[in-house]
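Just so it is clear, the values below take in all heavy atoms, side chains as well, and ignore hydrogens, waters and symmetry mates.
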Amino acid sequence: MQWPWRKQRLDGKTALVTGASSGLGADFARELASRGANLILVARREDLLRQLQADLTEVHEVEVMIFALDLAVAENREQLHRDIELAGVRIDILINNAGFGLFGDFREVDWDRTDQMLQLDIVALSHLTRLFINSMVEWGEGYIMLIGSTGSFQPAPGYAAYSAAKAYVLSLGHALHYELRGTGVSCTTVCPGITATEFLLVSGQKKTWYQNLTMMESPTVVSMAVRAMLARKPEIVTGFVNALMAFSTRLTPRPMLAMLAHKLMENKHPGH
């Protein structure tokens, strides 16, 4: 019997975590390692990956492989899949965490950065899932996690392309979860609100009063997300206020949602 206050152990299983050098990705690695899972960590910043690898190996005595590469490049994703297959490693858990947001009016944000964001937040997430999903189905067991956002539920001026990308993630996740029924594999879409990570620094936005009010700590979000994944839930919105907001979008016209999102996010970086 698994007592509710005890962590479900993942000894002998291997988790692939993308965007693992910092923030949610690093905390996913720590959480899964604390449950006994071996890890494959992927991110661009090799120095941070090596430090995390050393820490996890020492503290939790699990096996940790690292790959320093940019997942926005299709060839890198395919090479990662080949390297893992050649190593004879079975991926039991896929955490599609890599991604970032951009803040500013759609017409003003640099297109190359927008394109990179969409390649990572939509294409890489979809491609990696496609690369590893069939092996999980063949084995009859596996967990896939997609990282959405509270922005998945509404249009967000200032984050127009980002929220649209996360809406795609939420839709894809629910469709996959249904398609996978009876296979032993499940797909959980996690929709956090603002979290204490590098997200705002990368996106180029100063914190608003609303973000200060609702910000959650990364380890808390990760703990909730992993529990939902292991329970094979199709979706979780982390935090009561975030969940209430997401539910309320079902009852609100989209033009009003866009206006409300604009008011809550209105606090532009001086550079925009």
Side-chain angles (χ1 to χ4, degrees), residues 1-43 49 52-53 55-57 59-66 89-99 125 128-129 132-133 136 139 141-150 152 166 169-170 172-174 176-177 180 183-197 199 215-240 242-243 246:
M1 177 179 180
Q2 179 69 39
W3 297 102
W5 60 86
R6 292 183 180 173
K7 287 186 175 183
Q8 180 176 331
R9 297 294 300 174
L10 297 170
D11 302 277
K13 297 188 181 300
T14 299
L16 170 59
V17 182
T18 67
S21 58
S22 65
L24 288 172
D27 284 325
F28 275 119
R30 295 184 185 101
E31 175 69 22
L32 294 167
S34 74
R35 295 170 179 266
N38 298 318
L39 297 166
I40 297 177
L41 307 180
V42 184
L49 284 178
L52 183 58
Q53 179 188 41
D55 293 344
L56 295 176
T57 302
V59 174
H60 300 291
E61 298 182 344
V62 295
E63 296 180 10
V64 181
M65 298 172 61
I66 63 171
V89 178
R90 166 177 161 173
I91 300 299
D92 304 287
I93 301 166
L94 172 61
I95 308 292
N96 265 307
N97 170 74
L125 172 143
L128 284 172
T129 300
F132 290 99
I133 194 170
M136 291 183 179
W139 297 320
E141 183 181 11
Y143 301 91
I144 297 168
M145 183 189 294
L146 310 182
I147 303 300
S149 164
T150 50
S152 300
K166 292 303 183 179
V169 172
L170 180 62
L172 175 69
H174 274 280
L176 282 180
H177 187 81
L180 290 166
T183 65
V185 183
S186 55
C187 181
T188 300
T189 305
V190 179
C191 296
I194 194 67
T195 308
T197 65
F199 179 86
M215 183 170 289
M216 295 180 66
E217 294 299 317
S218 177
T220 303
V221 171
V222 163
S223 178
M224 296 174 68
V226 171
R227 289 200 303 272
M229 178 190 73
L230 295 177
R232 299 193 184 278
K233 294 181 179 180
E235 174 193 315
I236 179 173
V237 181
T238 56
F240 174 77
N242 293 327

Side-chain touch Leu39/Thr14, heavy atoms, less than 4.5 angstrom
no
Determine the minimum heavy-atom distance between Met224 and Thr238, stating which atoms define it.
CE-CA, 3.9 Å
Return the set of residues passing side-chain hydrogen bond (donor to acceptor under 3.5 Å, both in side chains) with Ser152 (not counting sequence neighbours), or none when no residue passes.
none
Does the side chain of Phe132 come within less than 4.5 Å of Val185's, by heavy atoms?
no
How would you list, by chain and number, every residue that makes a side chain to side chain contact (heavy atoms under 4.5 Å, CB included) with Ala20, sequence neighbours excluded?
Val17, Leu41, Leu49
One should read off an interatomic distance between Arg227 CZ and Lys7 NZ, to the nearest 0.5 angstrom, of 9.5 Å
Between the side chains of Asp27 and Ser218, does any donor sit under 3.5 Å from an acceptor?
yes
Exam field: side chain Thr57 to backbone Gln53, donor-acceptor pair closer than 3.5 Å
yes
Between Asp11 and Lys13, is the salt bridge (Lys or Arg N to Asp or Glu O under 4.0 Å) condition met? List the steps.
CA-CA 6 Å; Asp11 302 277; Lys13 297 188 181 300; over 6 Å; no
Minimum heavy-atom distance Ala15-Leu32, with the two atoms named
CB-CD1, 3.7 Å
Enter the distance from Met145:CE to Leu94:CG here, rounded to the nearest 0.5 Å.
10.0 Å
Trace of the side chain to side chain contact (heavy atoms under 4.5 Å, CB included) decision for Met65 with Val89:
CA-CA 10 Å; Met65 298 172 61; Val89 178; 4.2 Å; yes
Would you sort out whether Leu180 and Cys187 count as a side chain to side chain contact (heavy atoms under 4.5 Å, CB included), showing the intermediate values?
CA-CA 8 Å; Leu180 290 166; Cys187 181; 4.3 Å; yes
Gap separating the CG atom of Leu16 from the CD1 atom of Ile144, nearest 0.5 angstrom
11.0 Å
Sub-4.5 Å side-chain heavy-atom contact between Leu10 and Leu230:
yes
When rounded to the nearest 0.5 angstrom, what is the spacing between CG in Leu146 and CD1 in Ile95?
9.5 Å
Under 4.5 Å between any side-chain heavy atoms of Tyr143 and Arg232, yes or no?
yes
Would you say Ile40 and Ile66 make side-chain contact, with heavy atoms under 4.5 Å?
no
Among Val190, Thr18, Leu125, Val222, which residue meets the side chain to side chain contact (heavy atoms under 4.5 Å, CB included) test with Asn97?
Thr18
Hey, are the side chains of Ile91 and Met136 touching, using non-hydrogen atoms and a 4.5 Å cut-off?
yes
With the side chain counted from C-beta on, respond yes when Glu31 and Arg35 share a heavy-atom pair under 4.5 Å apart, and no when they do not.
yes
Shortest non-hydrogen pair, Leu56 vs Ala33, comes out as CD2-CB, 4.0 Å
Side chain to side chain contact (heavy atoms under 4.5 Å, CB included) between Leu170 and Glu235, worked out
CA-CA 8 Å; Leu170 180 62; Glu235 174 193 315; 3.7 Å; yes
Between the CG atom in Leu172 and the CG atom in Asn96, the distance rounded to the nearest 0.5 Å is 9.0 Å
Taking side chain as C-beta onward, heavy atoms only, is Thr189 less than 4.5 Å from Leu176?
no
Heavy-atom closest pair (Leu52 atom, Ala29 atom, distance to 0.1 Å) is CD2-CB, 4.1 Å
Separation of Thr188 OG1 from Met229 CE (nearest 0.5 Å)
7.0 Å
Report yes or no: do Arg30 and Ser34 form a side-chain donor-acceptor pair below 3.5 Å?
no
